[in-house]
Amino acid sequence: MTSTKAERRKQLADFEKRATRIAVGLVIAGPVLGIAAIFVGAAEILFPYEYTVPIALTAMLAPIGLALLIGAVGGLYLIGGWKVAPFGVVFVAGFAALVLGIATADSFWRQVGVGLLAFSGLVIFLAGTASAKTLPNPWPVAGVAAAGGVVAIIGLLTGLWPLHLFGAMAAACPLGMLIGVWWSRRS
């Protein structure tokens, strides 16, 4: 059993190095591609200059979003294996929906983003707690979840999306821990 744990650690270390290099390369490539698109648009080589800003932003943000996706899926793979890794996509979708809602001043997309981010936080903490060697005391964690729920409701009622996001994450993450504690003690 020790040899399989050592092999798994080596595989995870190799995966982590490779994924980190790819993600950092994409983050660096984003602004470079955006600046290149600005030059091409200013010279009107491939497209008229009127389209320069949306094309440059897309050229810059697409690799950065892909790096975020690699980091989220890879991080969840490191925490909980392939069963929870797809929830990294939920995190990135929540982030994208929140950014869209902020950029377009659309409360629907902000709420979708907050919900997806809160759900992904729940899954991340659930996976981390379920694989933990020691379990936390559930009562303080339940208190944090309740306080986060109150903050989320206040943020929702007042229309302050940062407060709503903070409260939703402060409620969902401890809720994931509580589910993980319950799950671990059940088995």
Side-chain angles (χ1 to χ4, degrees), residues 1-24 65-101 107-157 160-187:
M1 177 130 179
T2 309
S3 64
T4 58
K5 283 186 177 181
E7 289 172 6
R8 172 113 169 106
R9 276 195 210 108
K10 174 141 177 43
Q11 287 175 346
L12 289 177
D14 292 343
F15 171 78
E16 187 177 359
K17 284 179 189 174
R18 193 174 326 120
T20 301
R21 287 182 183 139
I22 291 170
V24 169
L66 184 58
L68 180 63
L69 181 64
I70 290 169
V73 172
L76 281 173
Y77 169 71
L78 292 173
I79 291 173
W82 286 116
K83 290 181 181 180
V84 294
F87 288 100
V89 176
V90 175
F91 172 77
V92 174
F95 184 75
L98 183 64
V99 169
L100 177 66
S107 64
F108 172 76
W109 285 111
R110 281 195 310 256
Q111 296 305 322
V112 168
V114 167
L116 289 173
L117 285 170
F119 181 72
S120 67
L122 182 141
V123 170
I124 290 168
F125 275 77
L126 171 62
T129 305
S131 64
K133 292 184 179 168
T134 60
L135 298 174
N137 183 353
W139 293 111
V141 176
V144 172
V150 170
V151 171
I153 291 170
I154 291 171
L156 182 63
L157 293 176
L160 297 171
W161 70 264
L163 186 64
H164 184 218
L165 174 64
F166 174 73
M169 293 298 289
C173 293
L175 185 59
M177 287 179 77
L178 287 173
I179 295 169
V181 167
W182 173 76
W183 187 270
S184 296
R185 289 185 178 169
R186 196 181 118 223
S187 53

Atom pair CD1 (I154) and CZ (F166), whose distance is rounded to the nearest 0.5 Å: 11.5 Å

Gap separating the CG atom of L76 from the NZ atom of K83, nearest 0.5 angstrom: 14.5 Å

Under 4.5 Å between any side-chain heavy atoms of [X] and [Y], yes or no?
X    : Y    : value
I79  : V84  : no
L12  : E16  : no
L117 : L165 : yes
V144 : V141 : no
V181 : P136 : yes

Identify the two heavy atoms, one from [X] and one from [Y], that lie closest to each other, and give their separation to 0.1 Å.
X    : Y    : answer
A172 : A118 : CB-O, 3.1 Å
T129 : S184 : O-OG, 4.1 Å
V151 : G167 : CG1-CA, 3.7 Å
A72  : G88  : CB-O, 3.6 Å
L69  : V92  : CA-CG2, 3.5 Å
G149 : A171 : N-CB, 3.4 Å

Those residues that, when tested against K17, pass salt bridge (charged side-chain N to carboxylate O under 4.0 Å, His left out) (two or more places apart): none

Pair listing, side chain to side chain donor-acceptor pair (under 3.5 Å) test, anchored in residues 107-119, at least two apart: Q111-H164

Of all pairs that satisfy ring-ring contact (aromatic ring centres under 6.0 Å, His included), the ones with a partner from residues 69-92, not counting sequence neighbours: F15-Y77, Y77-W82, F87-F119

